[in-house]
Amino acid sequence: MNQEKIISEFNENGYCIIATESSPYLPSVAYTIGLQQKYNHPEIIIFGLDLHNMKCILQEVTDMIKTGIKLQLSTCYNDFFDNGNAEFLAVADENIHYYFIEIPAIQNGRKRTALQLVWTDRKNKFPWEEGFEMEFKWKQPLLDRNASFKFREEIDLEVLVAANAIDNQKPILNAIHEHQGKWQFLTGDIPEKMKLISLEELVKTDPTINELYDLEYGEAAERDEKGSEWFKYKIELPDEE
């Protein structure tokens, strides 16, 4: 959805819902734009369900907010699911710009705030509760925490990193997320000597690596220098003989 359409829907309805399908790597997501400006209420985001359900839930939430209801943290809601519950978490400030697009014509420079609607599994357990079904672990990242490590993989995942980045603090300028899921992080030197380290260790040495949290399977990224914008592109598979 382009910005013109978002602004048009906001002007007509007082809010807009943005939704994106899941991919083999990333979960589905849907969120509101405009609730803060129109109703003085944090925006709402939800992950991991089919788009129709997420849009319906956000519509229901928005209808509640329009009547003056303020959604509460650490409160169990049974309004949105027939056989499950929901809670709202405060999205950490550091996570806002990763998940919500910037629409200056709507935001008018105002600091954005958001709540995440988190749903329970088939046993009615939340992700932070013991026994939560692992099948759903990656379907809804919890945005009130883990802002310093945004990848969906485990923190101890081993990744290939250019030795110069570790031994000589040279900046990572290239990243490859292979079709099979493996990661490589390069400095651009030729040839590159590589080392295995944990993904968490790499992110600690350069937090801007977090900006690659949404790099899909079979994509690569490059930048001119540390801190500059990443340019992302698909990796071409070799022709089969």
Side-chain angles (χ1 to χ4, degrees), residues 1-92 95-108 110 112-122 124-128 132-133 135-144 150 152 213-214 216:
M1 184 181 295
N2 59 43
Q3 289 202 13
E4 290 77 11
K5 186 172 182 181
I6 293 171
I7 294 169
S8 175
E9 287 196 17
F10 170 73
N11 290 335
E12 180 178 354
N13 303 316
Y15 67 95
C16 179
I17 294 175
I18 308 295
T20 304
E21 287 277 14
S22 64
S23 72
Y25 183 58
L26 297 173
S28 58
V29 60
Y31 59 90
T32 63
I33 291 178
L35 296 183
Q36 190 164 355
Q37 285 64 38
K38 185 69 174 180
Y39 303 104
N40 196 32
H41 191 286
E43 306 294 352
I44 308 296
I45 188 169
I46 182 172
F47 290 93
L49 304 175
D50 69 75
L51 295 193
H52 175 74
N53 282 344
M54 291 193 297
K55 288 179 179 178
C56 288
I57 291 168
L58 289 182
Q59 183 64 64
E60 188 173 353
V61 171
T62 299
D63 288 342
M64 295 170 63
I65 292 169
K66 289 165 70 174
T67 66
I69 293 174
K70 298 290 185 182
L71 298 169
Q72 302 298 313
L73 303 177
S74 302
T75 300
C76 191
Y77 288 84
N78 59 12
D79 310 68
F80 312 114
F81 301 99
D82 293 334
N83 299 302
N85 294 322
E87 280 194 20
F88 290 92
L89 307 177
V91 176
N95 280 326
I96 293 286
H97 77 277
Y98 285 108
Y99 294 96
F100 292 82
I101 63 173
E102 184 84 25
I103 309 289
I106 295 178
Q107 277 118 35
N108 294 321
R110 184 177 179 181
R112 291 180 293 176
T113 60
L115 302 179
Q116 179 185 357
L117 188 156
V118 180
W119 40 268
T120 54
D121 66 11
R122 290 169 293 199
N124 210 24
K125 290 184 177 293
F126 287 103
W128 52 84
F132 180 78
E133 294 179 88
E135 176 184 345
F136 303 113
K137 178 177 181 179
W138 302 114
K139 289 197 171 184
Q140 48 179 348
L142 302 179
L143 303 189
D144 67 330
K150 300 199 59 57
R152 60 167 290 177
Y213 80 98
D214 60 350
E216 296 278 4

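Environment of CG in D63: crowded, with over 12 heavy atoms of neighbouring residues, nucleotides or ligands closer than 6.0 Å.
Residue pairs that meet the side-chain hydrogen bond (donor to acceptor under 3.5 Å, both in side chains) test with at least one member in residues 34-49, sequence neighbours left out, are T32-E43, N40-R110. Counting only residues at least two apart or in different chains, salt bridge (Lys or Arg N to Asp or Glu O under 4.0 Å) contacts with residues 96-105 comprise E102-R112.
Taking a cutoff of 4.0 Å between a charged side-chain nitrogen and a carboxylate oxygen, E133 and R122 qualify as a salt bridge.
Under the rule for a side-chain hydrogen bond (donor to acceptor under 3.5 Å, both in side chains), the partners of T120 that lie at least two apart in sequence or sit in another chain are N124. Legend: residues meeting side-chain hydrogen bond (donor to acceptor under 3.5 Å, both in side chains) with S8, ordered by chain and number and at least two apart, are absent. Under the rule for a ring pair (Phe, Tyr, Trp, His ring centres under 6.0 Å), F132 has no partner lying at least two apart in sequence or in another chain. Residues that satisfy the ring pair (Phe, Tyr, Trp, His ring centres under 6.0 Å) test with Y99, not counting sequence neighbours, are F47, Y213. Taking the ring pair (Phe, Tyr, Trp, His ring centres under 6.0 Å) definition, one finds that F100 meets it with Y31, sequence neighbours left out. With sequence neighbours excluded, the residues that form a side-chain hydrogen bond (donor to acceptor under 3.5 Å, both in side chains) with K137 are E154. Judged as a side chain to side chain contact (heavy atoms under 4.5 Å, CB included), and not counting sequence neighbours, the contacts of L26 are S23, D214, E216. With sequence neighbours excluded, no residue forms a side-chain hydrogen bond (donor to acceptor under 3.5 Å, both in side chains) with D121.
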Would you list the atom pairs, donor with acceptor, under 3.5 Å between side chains in residues 11-21 and any protein atom, with sequence neighbours excluded?
| residue | atom | partner | partner atom | Å |
| --- | --- | --- | --- | --- |
| N11 | ND2 | I7 | O | 3.2 |
| Y15 | OH | Q59 | OE1 | 2.8 |
| Y15 | OH | Q59 | NE2 | 2.8 |

Which side-chain N or O atoms in residues 73-82 pair as donor and acceptor under 3.5 Å with protein atoms at least two apart or in another chain?
| residue | atom | partner | partner atom | Å |
| --- | --- | --- | --- | --- |
| T75 | OG1 | L73 | O | 3.1 |
| Y77 | OH | Q72 | N | 2.9 |

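When side chains are defined from C-beta on, L51 counts as touching S28, because their heavy atoms get closer than 4.5 Å. The side-chain heavy atoms of V91 and D144, taken from C-beta on, include no pair separated by under 4.5 Å.
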